[in-house]
2 protein chains.
Amino acid sequence: MSEADREDGTGRDDGAGRDDGTGREDLGAMFARVTRRLVDAEAPLLAENGLTMWEYVVLSRLALGAAPNQLTLAREIRHDKTRLIKLLDDLQRRGLVVRRPGAADRRSYTVSLTDAGRALHARVRAAIRAMEDGFLAGLDPAERRSLLALLPRLAPRETPEIAED
Amino acid sequence: MSEADREDGTGRDDGAGRDDGTGREDLGAMFARVTRRLVDAEAPLLAENGLTMWEYVVLSRLALGAAPNQLTLAREIRHDKTRLIKLLDDLQRRGLVVRRPGAADRRSYTVSLTDAGRALHARVRAAIRAMEDGFLAGLDPAERRSLLALLPRLAPRETPEIAED
DNA sequence: TATTGTTATACTCTATAACTATA
DNA sequence: TATAGTTATAGAGTATAACAATA
């Protein structure tokens, strides 16, 4: 593929400095920059509620339903199973999640949210959602709809394995 | 435990797991997932060419024009000035970049690409661009145009300060 | 023999402080 | 006094190996 592809992209100069002749910035660089801005904007909201990013990721996953065991939970959120241990210890000590002996396999523990955990997640998520609305404020409704429809197709989420609570 | 257990909630199953009632996934989570997929896809392309991600970031910035000094270079790519040292040492040892005494300020060094550095960057960038084309293959032309127009607006790049070569 | 939860260890990445030479 | 480049050190984050209990 050559420079002629600029026809279905953006061939214009967006004022981001001297053009190096390649037409547009790397997709990875652009996505990374947006991601970093969102992470930076989420950081204070999480800190206010005493959560780290990984803890929030765990709560978000568990909000979909109980995880059958810690290993699948770790795989689904792409976190090391070894680091998940202390993280769950902390969340459980704070009464946000519970580990229960697995029904079939005595080695494993199902992990699920407590009422307090579900409430905290809902509160933080609402704050994050409000921040995101501001983040997307510059887009008109059609653009916003297009973006929200596109993103899941570019990186589909793995179907979580849900256990009985 | 049958898969049909997931149907008991909303009845909707779009492949993204049980709905937790909040409508859509966090924007940050979606962007982070896309970014990770792109980074993972770039990794082998960079490794084949003996570059780390940060080294490629430096080359990409310098492809826009020489940096007036290392400090502004570090700030523009959001990298620690202390870690930039060894990184530039390496790139210079390999003949990809050159540090030249600053014209006005004798403390500073301009940083610019050598011909070899420019060639390597162009080669790697072409490989990455080809990968990106595959990555966006699932989108129709209108969606692709919309996405590429949106991204720079969601996280504008800082205008780089360009020095004379 | 393989897997789940766990601990311990080693390694990488990142952040901070401090030094030098110039300004 | 402040800044550009550099070095050294401490800390956080991450990966790997190994172990006990169970399958």
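Any value given below was found using the heavy atoms of this structure, including those in side chains, with hydrogens, waters and symmetry copies removed. In what follows, chains carry the letters A, B, and so on, assigned in the order in which the sequence lines appear, proteins first and then strands, with residues in each chain numbered from 1.
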I need the residues from residues 40-49 of chain A with at least one non-hydrogen atom less than 4.0 Å from DNA chain D; give them sorted by number, or say none. none
Please state how far atom [atom1] in [X] lies from atom [atom2] in [N], giving the value in whole angstrom units.
X       : N       : atom1 : atom2 : result
H79(B)  : dA15(C) : NE2   : C1'   : 12 Å
L84(B)  : dT14(C) : CG    : P     : 13 Å
R106(A) : dA23(D) : CZ    : P     : 5 Å
K86(A)  : dT6(C)  : NZ    : P     : 11 Å
D80(B)  : dA8(D)  : CG    : P     : 17 Å

Is there any ring pair (Phe, Tyr, Trp, His ring centres under 6.0 Å) pair reaching into residues 136-165 of chain A, and which pairs are they, with sequence neighbours excluded? none
Using the test side chain to side chain contact (heavy atoms under 4.5 Å, CB included), find all partners of V57(B) that sit at least two apart in sequence or belong to another chain. W54(B), I77(B)
What residues form a side chain to side chain contact (heavy atoms under 4.5 Å, CB included) with E76(A), not counting sequence neighbours? R61(A), P160(A), E161(A)
Does atom CG of D115(B) have more than 12 heavy-atom neighbours from other groups under 6.0 Å away? no
Taking D80(B) for the side chain and T82(B) for the main chain, is one N or O donor matched with an acceptor at less than 3.5 Å? no
Any sub-3.5 Å donor-acceptor pair from D26(B)'s side-chain atoms to A29(B)'s backbone N or O? no
Who are the ring-ring contact (aromatic ring centres under 6.0 Å, His included) partners of Y109(B), not counting sequence neighbours? none
Could you pull out all residues at least two apart from F135(B) that satisfy ring-ring contact (aromatic ring centres under 6.0 Å, His included)? none
So, using side-chain hydrogen bond (donor to acceptor under 3.5 Å, both in side chains) as the criterion, who are the partners of T110(B) when residues are at least two apart? none
Would you call D89(A) and R93(A) a side-chain contact if the rule is heavy atoms closer than 4.5 Å? yes
Between protein and nucleotides 11-13 of chain C, what N or O pairs are separated by less than 3.5 Å?
none

Using nucleotides 2-4 of chain D, report all nitrogen or oxygen pairs with the protein that are shorter than 3.5 Å.
{"unit_1": "dT3(D)", "atom_1": "O2", "unit_2": "R107(B)", "atom_2": "NH1", "d": "2.2"}

Side-chain donor-acceptor contacts of residues 44-51 of chain B below 3.5 Å, not counting sequence neighbours, with atom names and distances?
{"unit_1": "N49(B)", "atom_1": "OD1", "unit_2": "R123(B)", "atom_2": "NH1", "d": "2.9"}
{"unit_1": "N49(B)", "atom_1": "ND2", "unit_2": "L45(B)", "atom_2": "O", "d": "2.9"}

Considering the options R75(A), K81(A), R83(A), which one meets the side chain to side chain contact (heavy atoms under 4.5 Å, CB included) requirement together with H79(A)? R83(A)
Test of understanding: with salt bridge (Lys or Arg N to Asp or Glu O under 4.0 Å), list the residues that count as partners of E55(A), not counting sequence neighbours. R94(A)
For a quick test of reading the model: is some side-chain N or O of R78(B) closer than 4.0 Å to OP1 or OP2 of dT14(C)? no
Among dT6(C), dG5(D), dT14(D), find the nucleotide with the atom closest to the side chain of I85(B). dG5(D)
Nucleic acid contacts of residues 26-34 of chain A, taken as heavy-atom distances under 4.0 Å to DNA chain C: none
